[in-house]
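Please read the structure below before turning to the comments.
In this chain, numbering begins with 1 at the start of the sequence shown. From a predicted model like this one, the values you see are computed outputs, not experimental measurements. Order of appearance sets the numbers: ligands from 1, and atoms from 1 within every ligand.
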Amino acid sequence: MNSQNAFEGLSPWGELPHQRGTNLLTEPLLNKGTAFTERERDALGLRGLLPPRVFTIEEQVERTLMNLRRKPSALEKYIYLTALQNRNEVLFYRLVLDHIEEMVPIIYTPTVGQACLEYGAIYRRPRGLFLSLNDRGHLAEILRHWPQPGARLIVVTDGERILGLGDLGPLGMGIPVGKLSLYTACAGVHPYYTLPITLDVGTETEALRTHPYYIGIRQKRARGAVYDEFIEEFVTAVKEVFPKALLQWEDFGNTNAFRLLSGYRHRLCSFNDDIQGTASVALAGLMAALRLTGGSLAQQKILFLGAGEAGTGIADLFVTAACAEGLSETQARARCWFVDSKGLVVKNRGDHLAAHKVHYAHDHPFIATLTDAVKTLRPTALIGVSGMTAAFTQEIVATMAQINKRPVVFALSNPTSKAECTAEQAYGWSDGRAIFASGSPFPPVELNGHRHVPGQGNNVYIFPGVGLGALVSEAREITDDMFLAAARTLAQLVEPEDLALGRVYPSLTKIREVSLKIATAVAEAAYRDGLAGRARPADITEDIRSRMFNPVYRDYA
Ligand code: NAD
């Protein structure tokens with residue numbers, strides 16, 4: 001039997017699997033390890049290949065957790081979990097789902113950042129496809145090497161802007177791998193359908209190119225026509241080999257990210273999580289914060305530090321949302337201000353502004369520093385998306401707290417080492433009044449007898465649900481309205497108990513429920529707007545729920 005049928009046997013869309021003996025034990029989507037039952041061991045030629053005692057999945061999870069916790073560092077834990085994923089995916093996802101708050105920081109930010117930095121050294125088994133400039137002319141052929149021809153969800157990076165860590169070239173593969181693991185864990189997209197891809201077009205980082213363990217092609221990053229033609233060949237190949245695939249552009253540098261998104265989003269069902277997913281999760285946090293501060297979205301004045309993909313993405317979605325509340329586009333844009341590496345983004349600053357910043361370059365005197373911008377503009381919310389460690393100083397946070405009863409301070413830069421301030425600083429410097437969220441997790445803070453629980457403005461709240469909704473409805477396109485619907489849904493799921501702790505996101509332990517509701521909202525939009533590739537089912541939520549992958553073992557015999 002070919003691998004497609006074998007894998008699809010585990011999916012809600014397919015038939016039953018049939019593999020035997022060591023083939024079964026080395027196939028991570030089918031392997032149950034010591035949990036194969038006596039009957040299965042007899043029926044599937046496994047007798048003798050496993051130690052005699054049969055374990056339950058609960059016992060396997062306990063044992064795995066014990067082994068994991070013994071590892072001396074976060075990176076060792078990452079390596080251990082990767083090995084588990086390559087051995088037994090059901091057990092891996094069961095462990096991740098049962099201990100989601102402990103596992104997400106290992107399989108994703110912040111640990112994944114370190115894993116990427118060391119990807120060359122810790123690389124053990126292939127996961128995903130690497131396509132390099134040397135493969136030009138053969139991309140479709142190489143995509144066909146992927147053993148799962150029914151792949152429907154691709155996360156692709158070219159490694160130029162990995163988290164806030166810069167140009168890591170193909171070391172960035174950890175990101176598509178991690179994001180797809182989150183799709184499965186958090187939204188139940190079957191792992192059979194997922195395909196991580198890294199495009200190696202070189203790197204600007206000389207230290208990597210000359211490093212003895214570097215895994216990529218040793219050349220400077222391609223730009224211009226060479227780059228564009230490579231991407232064009234890639235997109236054409238994806239459409240040919242995986243015609244039903246949804247593609248997520250991930251961690252591209254901002255000179256390419258905006259162009260690729262606008263150039264391809266109508267040709268290929270695709271979105272950019274750094275721009276649109278971030279926008280949706282940050283907007284949701286802001287909407288939830290309004291339940292603490294009072295006031296409407298349209299009354300906010302937001303000052304961003306960082307005018308890249310994340311910052312302008314958030315502002316663009318804020319504008320869409322504020323327009324829905326009655327503001328004109330000009331009025332809504334006037335509520336968003338940016339400080340980038342050169343100071344306040346204003347008209348006549350004297351430098352050439354990238355296209356994505358132009359709409360937010362207001363007619364205002366130039367201000368050189370963030371501190372002065374806060375004092376002059378008096379924003380209600382300060383959002384850090386600059387990758388600038390410690391950029392929110394005590395003076396800045398204290399000024400925000402002088403201006404606002406409950407200042408919104410989001411330090412979204414990842415990983416933790418890049419955060420504009422810590423949770424402890426945000427609460428400490430604002431007498432506990434800041435409504436704080438961060439990109440990477442921070443532990444709760446005790447201050448003057450109050451417990452503050454920082455929310456994590458992690459895209460994981462958004463992209464898995466958006467992707468699931470788009471996949472199930474077979475959406476032809478992913479629209480800004482879908483991201484707005486996702487933000488509203490997420491904000492509504494924040495409970496009064498969360499808000500009482502200062503947390504503007506739901507607990508991660510509810511992530512499956514969150515993803516299902518977001519998927520429902522996205523699919524609703526696809527059916528309503530004529531973008532779905534299939535007929536609207538009677539009950540959208542149940543239709544989606546029935547297709548979610550649950551990490552439980554199937555009976556094979
Ligand atoms: P980007 O490269 O597109 O933009 C970075 C921006 O920061 C640029 O406008 C740059 O001018 C500005 N900047 C750099 N140095 C600065 C300085 N010294 N002072 C002021 N501004 C400065 O990157 P991006 O995709 O927008 O990501 C930025 C950060 O946001 C990263 O650390 C990333 O990890 C984080 N991020 C977080 C989330 C999340 O938490 N949900 C999502 C996406 C991105």
Before signing off on this row, confirm whether [X] and ligand 1 have an N or O atom pair separated by under 3.5 Å.
X    : value
R161 : yes
L412 : yes
K357 : no

Quiz question: by atom type and distance under 3.5 Å, do the side chains of Y227 and D158 form a donor-acceptor pair?
yes

Is M388 near ligand 1, meaning one of its heavy atoms is under 4.0 Å from it?
yes

Could you find the nearest protein heavy atom to [atom] and give me its residue, atom name and distance?
atom                    : value
atom 13 (N) of ligand 1 : S386 O, 3.9 Å
atom 26 (O) of ligand 1 : A310 N, 2.8 Å
atom 5 (C) of ligand 1  : V385 O, 4.0 Å

Are T312 and H359 packed together at the side-chain level, in the sense that at least one heavy-atom pair is separated by less than 4.5 angstrom?
no

So, do V238 and Y264 sit near enough that their side-chain heavy atoms are less than 4.5 Å apart?
no

Regarding atom 39 (C) of ligand 1: of the candidates A354, G457, G166, which has the closest heavy atom?
G457

Using heavy-atom distances only, which candidate in N458, N414, T278 approaches atom 33 (C) of ligand 1 most closely?
N414

For L484 versus M287, what's the shortest heavy-atom pair and its separation?
CD1-CE, 4.2 Å

For D273, the salt bridge (Lys or Arg N to Asp or Glu O under 4.0 Å) test, sequence neighbours excluded, returns K179

Please could you name the atoms of ligand 1 that G308 approaches to less than 4.0 Å, counting only its heavy atoms?
1 (P), 3 (O), 4 (O), 6 (C), 8 (C), 9 (O), 26 (O)

Is R265 salt-bridged to D480, going by a charged N under 4.0 Å from an acidic O?
yes

Contacts of H352 meeting side chain to side chain donor-acceptor pair (under 3.5 Å) (sequence neighbours excluded), chain-then-number -> none

